[in-house]
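Source: prediction; values computed, not measured. Order of appearance sets the numbers: ligands from 1, and atoms from 1 within every ligand. Residue indices begin at 1 and follow the sequence shown.
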Amino acid sequence: MHPVVATVLLVFSCAVLALDNGLMRTPPMGWLAWERFRCNIDCDNDPKNCISQDLFRDMADRLVEDGWRELGYVYVNIDDCWSSMQRDAQGRLQPDPKRFPGGIAKLAQYVHDRGLKLGIYGDLGTHTCGGYPGTTLDKIETDARTFAEWGVDMLKLDGCYSNATTQELGYPLMSKALNATGRMIGYSCSWPAYQGGLPPTVNYSQLGEICNLWRNYGDIQDSWTSVLRIVDWFSDNQDILQPAAGPGRWNDPDMLIIGDYGLSMDQSQSQMALWAIMAAPLFMSNDLRTLSSSARFILQNKVAIAINQDPLGVQGRRLLKEKSGVEVFWRPLSEGASALVFFSRRTDMPFRYQTSLRKLNYTAGTYKPYDVFMEKPLGLLKDSTDFVVSINPSGVVMWFVPPAAQWQKQAERGRMFYSRSDQGNTRVLL
Ligand code: GLA
């Protein structure tokens with residue numbers, strides 16, 4: 001075959017296979033209702049916290065007014081329990097009329113008017129996990145069209161009350177149906193989480209072709225134990241998961257619970273650091289109206305966000321698991337930079353961990369690390385020089401590590417990023 005013909009064929013076949021919506025070239029960021037607000041539909045007694053249009057408007061307002069949008073947190077995502085128990089006369093899903101009196105299209109308009117995007121939730125089965133109407137195979141096209149007509153920007157398609165065969169048919173079908181609407185709709189698939197998250201049952205190359213992100217594993221709960229369980233599973237299976245991720249296709253270890261009730265400040269920094277290293281979608285599930293300034297500080301850390309959003313889109317890995325309880329994570333970034341996370345699972349006292357960049361497989365040379373949570377540049381560091389980091393129990397030390405020669409350029413990049421996203425916070429970044 002003529003090489004040009006072969007190339008054209010190859011490009012064509014990729015275009016046909018890929019979820020070619022051009023969306024989510026970096027992990028999506030925003031807010032998602034589930035972990036914090038669950039299926040609270042009691043608007044009579046708990047009007048501020050129930051699943052209603054007001055809750056999503058409130059969160060949209062906060063995202064705009066408290067500086068989140070400029071940092072990239074642009075999705076406002078509805079989860080389960082938004083719909084009416086019945087479809088309408090035309091067989092379409094409809095929102096609960098009491099809790100969403102304006103309808104979803106109006107809510108989407110509200111969100112769009114503020115420069116944000118709206119996400120919605122569906123379930124490929126007879127019912128959603130919360131018992132609301134599901135999207136059976138015969139309803140896929142209708143529901144995709146309905147979401148597009150409403151102006152929805154993202155769909156999380158859950159997998160309760162369905163079986164392996166339905167999922168195998170349904171997840172690709174919804175991908176096609178969303179594409180066919182002509183509206184750019186990011187597609188989050190819970191499929192692997194319902195199939196154990198690992199090959200041979202789960203086919204990650206197929207997932208990358210049909211979904212923008214996917215839940216691989218169980219639900220996060222508001223506890224440190226839950227975060228640890230997730231981190232362990234993702235790290236233990238990183239040889240399979242890490243190559244599956246890339247621009248437009250992300251593993252999703254589930255929501256950020258920073259600002260809720262279960263994590264200390266050190267643990268909150270750990271979740272932020274590890275989610276950044278894992279190139280995870282950053283969906284906060286918290287109450288932005290009452291968030292503490294310390295939680296906000298962590299979630300709005302510009303360098304942690306820049307690491308998460310690095311354009312290279314390579315997921316990081318756990319490099320080491322020391323007997324001391326220290327684990328080291330690493331992620332390669334664009335322009336020869338990288339990120340390191342020193343994570344302590346100890347429960348006694350701050351631990352002084354000694355190592356060198358050479359021991360962490362760095363190529364010979366001089367680097368200039370930046371401490372992400374201390375927000376301060378460190379001195380020049382040769383690969384061969386031993387250094388010590390003091391890591392708090394269940395905490396992290398996170399470094400951004402550009403080669404020294406790249407430092408000036410990186411600093412300029414950092415400053416640009418800083419001035420774009422600054423919301424009256426006067427600390428100097430780099
Ligand atoms: C499943 C999902 C959660 C959430 C609930 C809603 O458990 O994994 O993220 O969407 O359903 O019922």
Side-chain angles (χ1 to χ4, degrees), residues 27-42 49-52 55-56 59 75-85 93 95-96 99-100 104 118-136 143 147 152-164 166-167 170-171 174 185-198 201-202 207 211-223 225-227 229-231 233-234 241 250-258 260 262 271 275 278 280-287:
M29 298 171 64
W31 184 89
L32 175 58
W34 182 254
E35 199 292 316
R36 176 64 182 78
F37 293 95
R38 307 283 169 148
C39 197
N40 177 359
I41 54 168
D42 187 4
N49 300 301
C50 65
I51 301 301
S52 73
L55 181 72
F56 296 98
M59 294 308 156
Y75 284 93
V76 181
N77 286 8
I78 303 170
D79 207 273
D80 205 348
C81 310
W82 60 271
S83 82
S84 162
M85 278 298 181
L93 289 171
D96 180 277
R99 293 181 287 117
F100 293 85
I104 303 295
L118 185 72
I120 205 160
Y121 167 97
D123 185 288
L124 187 65
T126 54
H127 297 87
T128 71
C129 302
Y132 288 77
T135 304
T136 44
D143 291 357
F147 297 146
V152 161
D153 305 290
M154 176 175 170
L155 169 66
K156 167 174 167 184
L157 190 60
D158 213 339
C160 272
Y161 304 108
S162 67
N163 57 36
T166 306
Q167 290 164 15
Y171 279 100
M174 179 57 91
I185 300 180
Y187 184 32
S188 165
C189 301
S190 300
W191 186 11
Y194 285 87
Q195 295 301 328
L198 298 172
T201 340
V202 175
L207 277 165
C211 313
N212 294 113
L213 62 154
W214 46 81
R215 283 279 310 283
N216 315 63
Y217 189 61
D219 291 0
I220 198 159
Q221 308 296 340
D222 193 3
S223 78
T225 319
S226 173
V227 171
R229 192 179 302 132
I230 291 172
V231 169
W233 187 85
F234 275 78
L241 303 176
W250 309 105
N251 294 301
D252 180 7
D254 214 359
M255 293 156 272
L256 293 168
I257 55 163
I258 299 163
D260 293 323
Q271 195 192 17
W275 262 236
M278 288 191 286
L282 299 181
F283 286 109
M284 307 180 277
S285 193
N286 51 18
D287 190 344

Notebook entry, point to check: Which class fits the ring pair His127 and Tyr161: parallel under 30°, tilted 30 to 60°, perpendicular over 60°?
Noted result: perpendicular
Next item on the list: Taking atom types as modelled, find out whether Asn77 and Tyr121 have a side-chain donor-acceptor pair closer than 3.5 angstrom.
Entry: no
Checklist line | Where ligand 1 meets Asp80 - atom numbers and elements under 4.0 angstrom, heavy-atom basis | finding: 6 (C), 12 (O)
Note to self: Would the distance check show the side chain of Trp275 and the main-chain N or O of Asp254 forming a donor-acceptor pair, the cut-off being under 3.5 Å?
What the structure shows: yes
Next item on the list: Run the numbers for me: atoms of ligand 1, each under 4.0 Å from some heavy atom of Arg215, listed by number.
Entry: 8 (O), 9 (O)
Next item on the list: Within a distance under 4.0 Å of any heavy atom of Gly130, pick out the atoms of ligand 1 and give their elements.
Entry: 12 (O)
Next item on the list: Could you tell me which atoms of ligand 1, counted from 1 in the order shown, lie closer than 4.0 angstrom to a heavy atom of Lys156?
Entry: 3 (C), 4 (C), 9 (O), 10 (O)
Margin query: Using only atom types and a distance under 3.5 Å, with no angle test, would you say the side chain of Asn286 pairs donor to acceptor with the backbone of Ile258?
Written below: yes
Next item on the list: Please answer whether the main-chain N or O of Asp222 pairs with a side-chain N or O of Asp260 as donor and acceptor at a distance below 3.5 Å.
Entry: no
Check: Can you tell which part of Asp254 has a heavy atom less than 4.0 Å from ligand 1: side chain, backbone, both or neither?
Finding: neither
Next item on the list: Considering only non-hydrogen protein atoms, determine which one is nearest to atom 5 (C) of ligand 1 and report residue, atom name and distance to 0.1 Å.
Entry: Trp34 CE2, 3.6 Å
Next item on the list: Mind running side chain to side chain donor-acceptor pair (under 3.5 Å) on Trp214 and Asn251 for me, showing each step along the way?
Entry: CA-CA 5 Å; Trp214 46 81; Asn251 294 301; 2.8 Å; yes
Notebook entry, point to check: Which atoms of ligand 1 are found less than 4.0 Å from any heavy atom of Cys129?
Noted result: 1 (C), 11 (O), 12 (O)
Note to self: Tell me the protein heavy atom at minimum distance from atom 4 (C) of ligand 1, and give that distance in Å.
What the structure shows: Asp79 OD1, 3.3 Å
Notebook entry, point to check: Among protein heavy atoms, which sits nearest to atom 2 (C) of ligand 1, and what does the distance come to when rounded to 0.1 Å?
Noted result: Asp158 OD2, 3.1 Å
Next item on the list: Check the angle between the aromatic planes of Tyr217 and Trp233 and answer parallel, tilted or perpendicular using the 30° and 60° thresholds.
Entry: parallel
Next item on the list: Measure the distance from atom 8 (O) of ligand 1 to every protein heavy atom, then report the residue, atom name and distance (to 0.1 Å) of the closest one.
Entry: Asp219 OD1, 2.5 Å
